[in-house]
Amino acid sequence: DLLQAAIASGRPDAKDPILLYLLAESQRVVKDFDAAQATAQALIAANPGDARGLHVLSLILQDKGDFKGAERALRDLIARDPMDANALNSLGYMFAEHGERLGDRRDRLDEAVTLLQRALKIEPGNPSYLDSLGWAYFQQGRLDLADAPLTEAADKLKDNSVVQDHLGDLRFKQRRFADAAAAWERALGGDGQSIDKAKIESKIREARGRM
């Protein structure tokens, strides 16, 4: 409300990219996606050179299920700055997670790996990017290649529920059922963001049943 009031006030700073970005993010968090999209587009119009506008727009569009729109926003970012590791990671992870909605799944996964390798060349050892790369390899069924990046990411991000869930899925496929259950337990005890707790609890029961 304070952010909206500041922007509606008409003061010279009402088009401040930081204010608009924070408002768009806050609207996205409370799932007011239409308002968030309008704010993001206002940010882009007022500050076309500010990358935050396209970044937050891509997230909002993914939340709305408009993956093609999110892809366009992210490709625009990468075209502007091929060294934007965050955009490379976001597009690569989206392809790994939702590639089947955007065309040939195999092609999307191949491109995901390329994008994520580029992101890691820019920011070596970034645990979020390692998780994304490991997850892309996992989706390809290349479990041997998925192991190192997912293991390192999970070790660095012990409280990240999504990363621990990914490691659990890998360990289960590797038939390391005790390790899978342990990773999923960490997922439940982590930040809790973007996970289906009931689904993870079911996976833990299945892993324990196979131990």
Side-chain angles (χ1 to χ4, degrees), residues 24-25 27-34 36-37 40-41 44 51-80 82 84-120 122-123 126-143 145-147 149-150 153-154 157 160-170 172-173 183-184 187 190-200 202-203:
E25 267 293 352
Q27 291 167 328
R28 185 175 79 87
V29 168
V30 299
K31 302 186 186 303
D32 189 354
F33 298 132
D34 289 340
Q37 183 173 348
Q41 288 169 335
I44 293 165
R52 286 172 295 192
L54 284 170
H55 272 294
V56 72
L57 179 62
S58 73
L59 294 173
I60 294 161
L61 293 174
Q62 288 183 66
D63 288 337
K64 294 180 72 173
D66 182 2
F67 296 104
K68 289 187 181 298
E71 179 185 357
R72 285 193 296 271
L74 290 167
R75 287 198 187 280
D76 191 355
L77 279 168
I78 294 166
R80 294 184 188 190
D84 187 336
N86 188 17
L88 291 165
N89 176 67
S90 295
L91 185 57
Y93 185 76
M94 186 174 72
F95 285 167
E97 190 78 347
H98 304 291
E100 71 282 354
R101 304 190 189 193
L102 291 159
D104 183 271
R105 185 170 186 269
R106 181 177 296 178
D107 288 346
R108 293 302 190 184
L109 288 173
D110 288 346
E111 186 175 2
V113 168
T114 299
L115 290 163
L116 295 164
Q117 288 173 336
R118 285 173 61 188
L120 281 162
I122 298 165
E123 294 185 27
N126 183 306
S128 294
Y129 302 171
L130 286 168
D131 171 68
S132 298
L133 178 61
W135 191 237
Y137 283 139
F138 177 86
Q139 298 284 37
Q140 289 181 317
R142 301 164 78 183
L143 305 187
L145 294 178
D147 194 304
L150 284 181
L157 298 173
N160 187 301
S161 294
V162 170
V163 172
Q164 297 301 327
D165 185 26
H166 289 167
L167 182 66
D169 286 350
L170 173 65
F172 189 86
K173 284 281 190 180
W184 285 325
D191 57 27
Q193 295 184 23
S194 303
I195 60 166
D196 183 335
K197 291 188 176 183
K199 184 176 180 180
I200 290 177
S202 175
K203 292 195 288 189

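Nothing here was measured: the structure is a model prediction, and the numbers come from that model. Here, residue 1 is the first one in the sequence, and each next residue gets the next number.
Side-chain atoms of S202 never come within 3.5 Å of backbone atoms of A198 as a donor-acceptor pair (strictly under, hydrogens ignored). Checking side-chain atoms of Q164 against main-chain N and O of A154 turns up a donor-acceptor pair under 3.5 Å. A donor-acceptor pair under 3.5 Å is formed between the side chain of D191 and the backbone N or O of S161.
Side-chain contact check for Y137 versus Q139: every heavy-atom pair is 4.5 Å or farther apart. Here the side chains of I78 and R118 are in contact, with some heavy-atom distance below 4.5 Å. Between Q193 and V162, every side-chain heavy-atom pair lies at or beyond the 4.5 Å cut-off. Residues L170 and W135 form no side-chain contact, since every pair of their non-hydrogen atoms from C-beta on lies 4.5 Å or further apart. At a threshold of 4.5 Å between non-hydrogen side-chain atoms, the residues L61 and F67 do not count as touching.
Remark: R52 pairs with D50 by the side-chain hydrogen bond (donor to acceptor under 3.5 Å, both in side chains) rule, at least two apart or across chains. Checked against side-chain contact (heavy atoms from CB on, under 4.5 Å), R72 has the following partners two or more places apart in sequence or in another chain: K68. With sequence neighbours excluded, the residues forming a side-chain contact (heavy atoms from CB on, under 4.5 Å) with L120 are Y129, L130, L133, listed by chain and number.
Just one residue in the list R105, R75, R106 forms a salt bridge (Lys or Arg N to Asp or Glu O under 4.0 Å) with E111, and that residue is R75. Each of E71, E97, M94 was compared with R108 under the side-chain contact (heavy atoms from CB on, under 4.5 Å) criterion, and only E71 meets it.
Between A87 and L77, the shortest heavy-atom contact is CB-CB, 4.0 Å. The two atoms that bring L109 and A96 nearest to each other are CD2-CA, 3.7 Å, heavy atoms only. In terms of heavy atoms, P127 sits closest to A153 at O-CB, 3.3 Å. Residues I195 and A187 approach most closely at CD1-O, 3.7 Å, considering heavy atoms. Scanning all heavy atoms of the two residues, the minimum distance from G134 to P149 falls at CA-CG, 3.7 Å. Residues A40 and A24 approach most closely at N-CB, 4.1 Å, considering heavy atoms.
For the atom pair L115 CG and S132 OG, the distance stands at 10.5 Å (nearest 0.5 Å). One distance of note links CG of L167 with CG of D147; it measures 8.0 Å at 0.5 Å rounding. Between atom OG of residue S128 and atom CG of residue N160 there is a gap of 6.5 Å, rounded to the nearest 0.5 Å. If you take CD on Q62 and CZ on F33, they are separated by 11.0 Å, rounding to the nearest 0.5 Å.
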Under the criterion side-chain contact (heavy atoms from CB on, under 4.5 Å), I'd like the reasoning laid out for N89 against L116: C-alpha separation, chi angles, the key distance, then a yes or no.
CA-CA 5 Å; N89 176 67; L116 295 164; 3.4 Å; yes
List the steps and the verdict of side-chain contact (heavy atoms from CB on, under 4.5 Å) for E25 and V29.
CA-CA 6 Å; E25 267 293 352; V29 168; 4.3 Å; yes
For side-chain contact (heavy atoms from CB on, under 4.5 Å), just list the numbers for K64 and D34, CA-CA rounded to whole Å, side-chain angles, deciding distance to a tenth of an Å, and then say yes or no.
CA-CA 9 Å; K64 294 180 72 173; D34 289 340; 3.0 Å; yes
The test is side-chain contact (heavy atoms from CB on, under 4.5 Å); show your working for I60 and Q27 and say whether it passes.
CA-CA 9 Å; I60 294 161; Q27 291 167 328; over 6 Å; no
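Between the side chains of D110 and Q140, at least one donor-acceptor pair of N or O atoms lies under 3.5 Å.
We find that D76 and R80 are joined by a salt bridge, their nearest charged nitrogen and carboxylate oxygen being less than 4.0 Å apart.
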